[in-house]
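Notes follow the structure.
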4 protein chains.
Amino acid sequence: MSKPDKRSEILSAALDLIAEHGFHGAPMSMIAGRAKVAAGTIYCYFESKDTLIMELYREIEGRILAVIVEECEDERPLRERFVNLFTKLLGYFTEHSLEFRFVEQFHNSPYGAEHRRDKILGKPGDHDVFRQLFEQGVSQGIIKDLPLVILFSLAFGPLLAVVRDHVLGFIQLENGLIETIAASCWDAIKRQ
Amino acid sequence: MSKPDKRSEILSAALDLIAEHGFHGAPMSMIAGRAKVAAGTIYCYFESKDTLIMELYREIEGRILAVIVEECEDERPLRERFVNLFTKLLGYFTEHSLEFRFVEQFHNSPYGAEHRRDKILGKPGDHDVFRQLFEQGVSQGIIKDLPLVILFSLAFGPLLAVVRDHVLGFIQLENGLIETIAASCWDAIKRQ
Amino acid sequence: MSKPDKRSEILSAALDLIAEHGFHGAPMSMIAGRAKVAAGTIYCYFESKDTLIMELYREIEGRILAVIVEECEDERPLRERFVNLFTKLLGYFTEHSLEFRFVEQFHNSPYGAEHRRDKILGKPGDHDVFRQLFEQGVSQGIIKDLPLVILFSLAFGPLLAVVRDHVLGFIQLENGLIETIAASCWDAIKRQ
Amino acid sequence: MSKPDKRSEILSAALDLIAEHGFHGAPMSMIAGRAKVAAGTIYCYFESKDTLIMELYREIEGRILAVIVEECEDERPLRERFVNLFTKLLGYFTEHSLEFRFVEQFHNSPYGAEHRRDKILGKPGDHDVFRQLFEQGVSQGIIKDLPLVILFSLAFGPLLAVVRDHVLGFIQLENGLIETIAASCWDAIKRQ
DNA sequence: GATGAATGAGCGTTCATTCAT
DNA sequence: GATGAATGAACGCTCATTCAT
């Protein structure tokens, strides 16, 4: 390992423990222990447990958005772009299941209360990729003329459900299956 | 109301408080207060807070399944049956948003860890209605030949996502919209 | 001992320890220990450490005011009444030196910030005895025509100073001395 | 200012913060911050927080005694000398209210426990000015024949009380009033 | 000497749980 | 059964102090 600074160690420890045991199952002392620092040290880097969790969330959110944003090939057909994005995202979540579990817990907790509005796949500004895609599709008559929130639910409700099942070990997601799922979600939103 | 026994009062108080404030924000003493019983009384009915929560979950689960099961008109076309079921379920959740919020919290918490396996819409045995419907559809070549878990995710991932948005006040669900959503989920699972 | 309830035990323990070691030298755990209750028990009776201290203050303040108020023989000459009151008060403080030390600490701490205005000998309403005495004296031309606050300082500044010296063991106050001190304070305020 | 060395900066910062917020409210890190030195630097100059506070006390005590000592005109009448001293001292405290507040806190805290014996106006040796004045007065039959401690209390109890009221903003001390107070304290100790 | 990141004991407080009544 | 006062382990957090740089 190169030089994993303490801040990162703490964030990483918090991610592990919260993903595994939930917020109240991950006391600061335990996070400190896992990060191999003293309890007080955490407070050199984060003002409070809330702050730590919030910053961890923002960090993870950033990584996820990075995955989405790097996929912006506007010239290809909509369906292909959608499937691509879907696959990318699903891939990221399944490969980073700790992050997925953390984010899910975050959204379902008082910590994330204020973030529920703009949860990972619904934040205006950051997910212009999706919005553009959907709006283009709607205006071209390719995608059903439904409110954006509904289109999001139709497309990413299954995505999250499938990741949950994967994380819980119910299913093994290989490439073929992932593509079928992506295609099915497209079927849900595309004009028949 | 006639004579709502203490056990029910406790469960009801727990539902209210947990749905509203999360597990964190609903201490036993507060639940007791809301249920108008003494703190110790809860332990006459439930072994521990975990047990209380678990039994509350089971009770709510039962109510939800009852809604599903009563809808078993096997002779109608599959699509219609699916849309019917979907609508019923969505209606139940939106009308009982406390229960919905509780169940969501439960699934996203260590309390529900061991129950995640058999979450409300994926429990083998209880939801034969769905399984039968899906299996029939697959064998008749009407529904895509995918693992059951995937079909569930495709169908009910959006359902839960939409209820979440409704509960948070992002969307207003009226009958037309509900039907469109149900139809879209059918589009996702039906063979194209 | 009759039936010293827990609340009183806690207050008494707090008085002892705070008088002796100051506010930050008397942690809740130590107070609990001295009162022979569990740490959490204190919070059955007091909302917080602040509240405990405030209520203790109010209780002690009440006892002191009771001593003052019971001395209201308006028909005797002013000088005699003043000396009487002075003596009573001085006697109470020297006999209850823990209370004296607690009150002094209280007034010199953030806890007592809002009470500094109306510190034990300057609270309007409660000490009407003193005010009346002083105002009578002024209007009769017996006492110097000075602002009330100044008269208080002249009369009770020495009282508190003397009690401090007594508490610290610098002086032994017997009746003769006390009376001389009282007389001297009268000399300070009386018109020459 | 030329080159205020670090030690002075630290003492000054400690004075400000403790006078303002009490011992509680002035952590070492905050003192360091205000003094523009690193937290650890304080320990180059002071062994511990207690030591710092003790040395700060001694320094302030020195300044106060300097004020007293410079006033030694032995040939003038006793009353005049007393009033002069009283006024000087009162003036110093009101002009240096931070120091006054610090000293008051110090005396009312465990920090000052061992110093209470020799508090500012009662330390044998340092305040020979006062002792001489009082002893002369007693032997000349001008001042009451009372123990020195009592005379101190009679004279300076009001002084401190009045400064407290001034610091808290209850009274405005102008020259006329100050002189009246000084005279009244003289009345308290002088033989009638 | 000076630094400031790191420490960890100890604080005030909460709350699931118990048990004498 | 029902009570609710009492418990005490465990929490989040502070801050005087240390020590490698």
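A, B, ... follow the sequence lines: proteins, then strands. Residue 1 opens every chain. Computed over heavy atoms, backbone and side chain alike; hydrogens, waters and symmetry mates excluded.
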Gap between atoms [atom1] and [atom2], on [X] and [N] respectively (whole Å):
X: B:R7; N: F:dG1; atom1: CZ; atom2: P; answer: 12 Å
X: D:I31; N: F:dC15; atom1: CD1; atom2: C1'; answer: 11 Å
X: A:K36; N: E:dG8; atom1: NZ; atom2: C1'; answer: 18 Å
X: A:I10; N: F:dG12; atom1: CD1; atom2: P; answer: 14 Å
X: C:L52; N: E:dC11; atom1: CG; atom2: P; answer: 15 Å
X: A:I42; N: E:dA9; atom1: CD1; atom2: C1'; answer: 16 Å
X: B:D50; N: E:dC15; atom1: CG; atom2: C1'; answer: 14 Å
X: D:F46; N: F:dT17; atom1: CZ; atom2: P; answer: 13 Å

Practice problem: Run the numbers on A:R34 and A:E20 for salt bridge (charged side-chain N to carboxylate O under 4.0 Å, His left out), then give the verdict. | Solution: CA-CA 13 Å; A:R34 164 80 62 121; A:E20 183 98 20; over 6 Å; no
Practice problem: Please name the pair of heavy atoms, one in A:L98 and one in A:L15, separated by the smallest distance, quoted to 0.1 Å. | Solution: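 Result for this residue pair: O-CD1, 3.7 Å.
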Practice problem: State, to 0.1 Å, how close D:A35 and D:E9 come at their nearest heavy-atom pair, and which atoms those are. | Solution: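 In this case the closest contact between D:A35 and D:E9 is CB-O, 3.6 Å.
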Which nucleotide in [options] has an atom nearest any side-chain atom of [X]:
X: A:V37; options: E:dT7, F:dT7, F:dC13; answer: E:dT7
X: B:T41; options: F:dT3, F:dC11, F:dT17; answer: F:dT3
X: D:A38; options: F:dG12, E:dT3, F:dA16; answer: E:dT3
X: A:P27; options: F:dG12, E:dT13, E:dT3; answer: F:dG12
X: B:A39; options: E:dA16, F:dG4, F:dC13; answer: F:dG4
X: C:C44; options: E:dT17, F:dT7, F:dC13; answer: F:dT7
X: B:K49; options: F:dA16, E:dT17, F:dG12; answer: E:dT17

Any side-chain heavy-atom pair from [X] and [Y] closer than 4.5 angstrom?
X: B:L56; Y: B:F46; answer: no
X: B:V167; Y: B:F93; answer: no
X: C:L52; Y: C:I31; answer: yes

Exercise. Please work out if D:Y45 contacts a base, only the sugar-phosphate, or nothing of the nucleic acid, heavy-atom cut-off 4.0 Å.
Key: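 Sugar-phosphate contact only - D:Y45 comes under 4.0 Å of backbone atoms but never of a base.
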Exercise. Please name all residues satisfying side chain to side chain donor-acceptor pair (under 3.5 Å) with B:S48, sequence neighbours left out, ordered by chain then number.
Key: B:T51
Exercise. Enter the inter-axis angle for the ends of the helix from E:dA2-F:dT21 to E:dT21-F:dA2 (five pairs per end, rounded to 10°).
Key: 10°
Quiz item: So, is D:K6 close to the E:dA2 phosphate, meaning a side-chain N or O under 4.0 Å from OP1 or OP2?
Solution: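 It does, given that an N or O in the side chain of D:K6 lies less than 4.0 Å from OP1 or OP2 of E:dA2.
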Quiz item: What class does the angle between the rings of A:Y57 and A:F106 fall in, given that below 30° is parallel, 30 to 60° is tilted and above 60° is perpendicular?
Solution: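 Because their plane-to-plane angle is under 30°, the rings of A:Y57 and A:F106 count as parallel.
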Quiz item: Quick one: on DNA chain E, does C:E47 or B:E47 contact a more 5' nucleotide (nearest heavy atom)?
Solution: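 Residue closer to the 5' terminus by nearest nucleotide: C:E47.
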Quiz item: Quick one: on DNA chain F, does D:S29 or B:G40 contact a more 5' nucleotide (nearest heavy atom)?
Solution: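 The 5'-side residue here is B:G40.
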